[in-house]
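Please read the structure below before turning to the comments.
Below, read A as the first sequence line, B as the second, and so on, with proteins coming before strands; counting in each chain starts at 1.
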2 protein chains.
Amino acid sequence: MDGLSPPSFVDVLLAKKRISPYVHRTPLYRYPLLDQLLGAKVLVKHENHQITGAFKVRGGLNLISQLSKDERERGVITASTGNHGQSIAYASMIFGVKAKVCVPVNANPGKVSAIKLWGAEVIEHGRDFDEAKVYAEELAEKHDLHFISSGDEPHLIAGVATYTLEIIEDLPKVDVIIVPVGGGSGAAGACIVSKTFNPGIKVIGVQSEKAPAAYLTWKHRKPVESKMETFAEGLATRAPFMLPQSILWDKLDDFVLVSDEEILKGILLFLETTHNLAEGAAASTLAAAIKLKEKIKERKVVLVMSGGNLSVENLKKALLFKGKRVILNPD
Amino acid sequence: MDGLSPPSFVDVLLAKKRISPYVHRTPLYRYPLLDQLLGAKVLVKHENHQITGAFKVRGGLNLISQLSKDERERGVITASTGNHGQSIAYASMIFGVKAKVCVPVNANPGKVSAIKLWGAEVIEHGRDFDEAKVYAEELAEKHDLHFISSGDEPHLIAGVATYTLEIIEDLPKVDVIIVPVGGGSGAAGACIVSKTFNPGIKVIGVQSEKAPAAYLTWKHRKPVESKMETFAEGLATRAPFMLPQSILWDKLDDFVLVSDEEILKGILLFLETTHNLAEGAAASTLAAAIKLKEKIKERKVVLVMSGGNLSVENLKKALLFKGKRVILNPD
């Protein structure tokens, strides 16, 4: 990240202008059953309704639309567990750029299909995101392709930050925004926008305790690598990205870890209360809200449903979830 | 339905004005995987994103907002398998009216919870919708409540017709609209609006072959009662409603039956292609489109995803569906 600066609030406004023709302005909906469950005024930011089924596309469009003529002609390559790859593939299709996406072997098949459908070439390589990323960097070098980092990239952060503009437009008095953290660009964007409007808005990050690299890096204020064993591929990175981290160190209010069981319960509860399909990363926000129930009591809380690209396999796991259930009782 | 006239197009425009402050304007989204599956340009009207998770609320709001002072003070009663009940409950809450909803025993528990949550009293009675309806009429008589028919009611038809205004606003060149039929108010509304704009737009109804009363009544142009054995409660009526039927006789272009297995496959395919949770009635539109594949080839086709209130039980059934799979292959 040498030489990379965090995007400014103005960069976010410029990103909004750039990407608006190509993305949905997603809704922020309230669900009485969630209010009841959490004892707060709860709203869901529906990035699962976004083009490609995830918030990431806002970043890809902001980045690809600003490539130089030379970069467009060389073509781009990136690594992804799925949603970032879809984002780059979709944006490349829109702007007529050739794209290659390295995904780990055994990536979410629905996400892989979608990347192909948007016209990008998929290269399956490595056991996890970080191995796929190393391979993508090698290929970029070898074939003179423009490499896109999925995390250390100001244009991606400015792009994904635009959903927080919409949150605050729809709910100016928001108290708390809970955001899933994988590489951290979503949370970094939420911080930049929220704190500009009102430093009192609390931004809280969530990660799986089975893939806590970003959490540990934030907590210890130095790069920490960690295990990567969560089923929630949107939360799965082994090594931290230092550009979003530098923003999180400065602005993030809190960061919580949840278990994969709590995430599965979150998927099931989101299904029951909102009838929306949330992928693991998205459901981690509800898991965190349950954990923070006392802290967020009676506050206006936004859960960022970052994506809906849950595999049928993981949906089955969530439906078979047998842990302690939260009983929803409207009587 | 003595003395009831079908609503006019102007009634639909008036309904739109009346209900707009209280409903979402739902999106019409295109999904490349559905295009590929059906060989057509396919768009989904997302009434599953609507308040209460279903299109019905448009009708309830249009009706309850027009009650006389006397009717409001007496309170209302209706019968429902769930979504109409939610609609009346929600609208009654908005307009400060006391509401009772009779549901069959073993109704979809999520829908029943939601009816209570919107503040209506739930009365469980009878084996199916028609038995619950008879009981609701008895209670209306006994306690001097205003009885609301879920089908023979012009205000409901005018209200639910508003989603078709939105479809045509978003896709003026639509060729085909596929609509699930339970009582028939949704399809009747779609006909009134479509044919006013352009008689060339084809409106096609779908019902389960396990609950074909509306289909048989349409086909034979006389009231036919039939069995009611489908799991898809939104399609489940034993006796036809003659007001919507009179509109369908005049304007509906085609009516297809699909099996419950095809509906389950539709739920699974909607999950895989759109990552949306469709309830049985909503998924019947995709089942019908697959059946009509040759007819709709290369046309602009709208599938009305009428609601997303699928029970976890039925979602499990769909995920365990082992019938002949349609293979989605983006390569």
Interchain contact, B:Y29 with chain A, by part (heavy-atom threshold 4.5 Å):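 Contact with chain A: side chain only.
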B:H275 and A:L277: which non-hydrogen atoms are nearest, and at how many Å?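 Looks like O-CB, 3.7 Å.
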Correct closest heavy-atom pair for A:L319 and B:V312 would be CD2-CG1, 3.8 Å
Which salt bridge (charged side-chain N to carboxylate O under 4.0 Å, His left out) pairs, counting each pair once, include a residue from residues 96-107 of chain B, with sequence neighbours left out? B:K100-B:E121
Between CG on residue A:L271 and CG on residue B:L310, distance to nearest 0.5 Å: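 So the CG of A:L271 and the CG of B:L310 are separated by 9.0 Å.
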Applying a criterion of heavy atom separation less than 4.5 Å, what residues of residues 44-59 of chain B form contacts with chain A?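 Interface residues of residues 44-59 of chain B: B:H49.
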